[in-house]
Amino acid sequence: MALKIEWELLPFEGIKSKRLAITLGESRKPLRKRAASVFSPLIPNAEYPNEDDFISKDGDTFIRVRYQDDVVRDIEFLSGTLRYKGVELHDEATLKGVRRFLKSENHPLRKTRWLGDGLDCVSLGINIACHDDVGGDGDGIEWVILSSNFKVAEVG
C-alpha cells in the first residue's frame, strides 16, 4: 500500500511534499514532468486548456493547477492532507477548527473579495471554502486556494 502524500502550505509560494513542490510562477512543462512520478497520467481537458488536474495514484490527493502564460497562477487543493504549522487545513478539518487555529496564529479569515465563495486569509494569501459555501452540506473544507493574483485583488 502506498503511503499517503502529506502536503505543507507555503504561504504566497505554493505547497510541498517530501517528493514534490508546486510553486506559484513555475513553468508548466517542468512541473508536469516532475509530477509524473507522484500523480496519475494527466488527462487533457479541452474545455479548460489552462488547467491541469493532478490526482495521486492512490486517489487521495487532488490538486488543480491553473496557468496564465504557461506559468502556475493558482493552486487549488481539493482533496488530501494539507498542513500549516502541523495543523490540518483540509481532510477531516472543519471551517470552525481552521478558523480557530488561524485566529490563534494571528491569521484571521474574512469574507472573500476576489472569489465568489469562501473566506480569505489575507496574511497567508489563501482562500478557504467549506462544503456549505459551495452548495454542499457541512463544515468540512471544500478547498484551499493559493493564487499569485491574491495581492492584486487586494489592491482593487
Side-chain angles (χ1 to χ4, degrees), residues 5-17 19-35 38-39 42-56 60-91 93-103 105-136 139-156:
I5 302 169
E6 296 180 358
W7 295 86
E8 178 185 350
L9 171 70
L10 305 172
F12 296 102
E13 293 178 36
I15 59 176
K16 73 173 185 174
S17 72
R19 298 176 59 196
L20 178 69
I22 301 174
T23 308
L24 296 171
E26 75 176 296
S27 297
R28 187 178 202 171
K29 189 174 180 180
L31 171 59
R32 283 177 158 182
K33 185 175 183 177
R34 288 184 298 107
V38 177
F39 294 102
L42 288 172
I43 299 169
N45 184 339
E47 194 171 337
Y48 298 102
N50 291 326
E51 294 181 359
D52 286 335
D53 286 349
F54 293 102
I55 301 171
S56 62
D60 284 338
T61 302
F62 177 16
I63 300 167
R64 177 171 290 137
V65 176
R66 288 189 186 89
Y67 305 91
Q68 183 174 356
D69 300 325
D70 220 33
V71 298
V72 177
R73 181 193 72 198
D74 303 321
I75 302 167
E76 187 172 343
F77 199 91
L78 298 165
S79 177
T81 301
L82 177 66
R83 294 191 173 104
Y84 177 67
K85 294 189 174 182
V87 174
E88 182 58 39
L89 299 179
H90 200 281
D91 277 6
T94 63
L95 186 56
K96 182 179 180 180
V98 170
R99 181 191 296 267
R100 187 180 319 116
F101 164 70
L102 292 176
K103 186 176 181 182
E105 293 286 318
N106 202 27
H107 298 298
L109 296 174
R110 62 117 204 260
K111 186 171 173 58
T112 188
R113 293 185 186 160
W114 66 285
L115 285 178
D117 297 306
L119 300 167
D120 294 340
C121 182
V122 177
S123 56
L124 297 179
I126 59 175
N127 174 275
I128 299 174
C130 70
H131 305 311
D132 282 338
D133 291 335
V134 297
D139 191 39
I141 303 301
E142 181 76 20
W143 71 56
V144 177
I145 300 175
L146 295 88
S147 177
S148 58
N149 291 344
F150 193 90
K151 286 184 178 181
V152 173
E154 284 302 297
V155 175

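Position 1 is the first residue of the sequence, and the numbers go up from there.
- When side chains are defined from C-beta on, Val72 counts as touching Tyr67, because their heavy atoms get closer than 4.5 Å.
- Side-chain contact between Gln68 and Asn50 is absent, with no heavy-atom pair separated by less than 4.5 Å.
- Checked against ring pair (Phe, Tyr, Trp, His ring centres under 6.0 Å), Phe39 has the following partners two or more places apart in sequence or in another chain: Phe54.
- Of all non-hydrogen atoms in Val98 and Glu88, the two that sit nearest each other are CG2-O, 4.0 Å.
- Between Ser148 and Asp74, the shortest heavy-atom distance links the atoms N-OD1, 4.4 Å.
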- Between Leu146 and Leu9, does a side-chain contact (heavy atoms from CB on, under 4.5 Å) hold up when you go through it step by step? CA-CA 9 Å; Leu146 295 88; Leu9 171 70; 3.5 Å; yes
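- Using a 4.0 Å cut-off between charged nitrogen and carboxylate oxygen, Arg66 and Glu51 count as a salt-bridge pair.
- Counting heavy atoms from C-beta outward, Ile75 and Ile63 have side chains that approach closer than 4.5 Å.
- Residues Ile141 and Leu89 form no side-chain contact, since every pair of their non-hydrogen atoms from C-beta on lies 4.5 Å or further apart.
- Not one N or O on the side chain of Asp117 forms a donor-acceptor pair closer than 3.5 Å with the backbone of Ala129.
- In the model, Asp53 has no side-chain atom that pairs as donor or acceptor with a side-chain atom of Tyr48 under 3.5 Å.
- To the nearest 0.5 Å, the span separating CG on Leu20 from CD1 on Ile5 amounts to 8.0 Å.
- Looking only at distances, a side-chain donor or acceptor of Asp91 sits under 3.5 Å from a matching main-chain atom of Gly80.
- Just one residue in the list Asn127, Asp133, Ile128, Leu82 forms a side chain to side chain contact (heavy atoms under 4.5 Å, CB included) with Trp143, and that residue is Asn127.
- Looking only at side-chain heavy atoms (C-beta outward), Leu31 and Asp52 stay at 4.5 Å or farther from each other.
- Between Arg99 atom CZ and Cys121 atom SG the span is 10.5 Å, to the nearest 0.5 Å.
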- Query: Given Tyr84 and His107, is the side-chain contact (heavy atoms from CB on, under 4.5 Å) satisfied, shown in steps?
  - Reply: CA-CA 12 Å; Tyr84 177 67; His107 298 298; 3.6 Å; yes
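- Surrounding CG of Asp70 are more than 12 heavy atoms belonging to other residues, nucleotides or ligands, all under 6.0 Å away.
- In this structure a side-chain-to-backbone donor-acceptor pair under 3.5 Å is present from Glu26 to Thr23.
- When atom types are taken as modelled, the side chain of Thr94 and the backbone of Gly97 share a donor-acceptor pair closer than 3.5 angstrom.
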- Pair Val87-Glu105, side-chain contact (heavy atoms from CB on, under 4.5 Å): steps then yes or no: CA-CA 11 Å; Val87 174; Glu105 293 286 318; over 6 Å; no
- Task: Evaluate salt bridge (Lys or Arg N to Asp or Glu O under 4.0 Å) for Arg113 paired with Asp120, printing each intermediate quantity in order.
- Result: CA-CA 7 Å; Arg113 293 185 186 160; Asp120 294 340; over 6 Å; no
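- When side chains are defined from C-beta on, Arg32 counts as touching Leu42, because their heavy atoms get closer than 4.5 Å.
- You'll find the side chain of Leu95 reaches within 4.5 Å of the side chain of Leu119, heavy atoms only.
- Judged purely by atom type and a 3.5 angstrom limit, Ser17 has no side-chain atom pairing as donor or acceptor with the backbone of Trp7.
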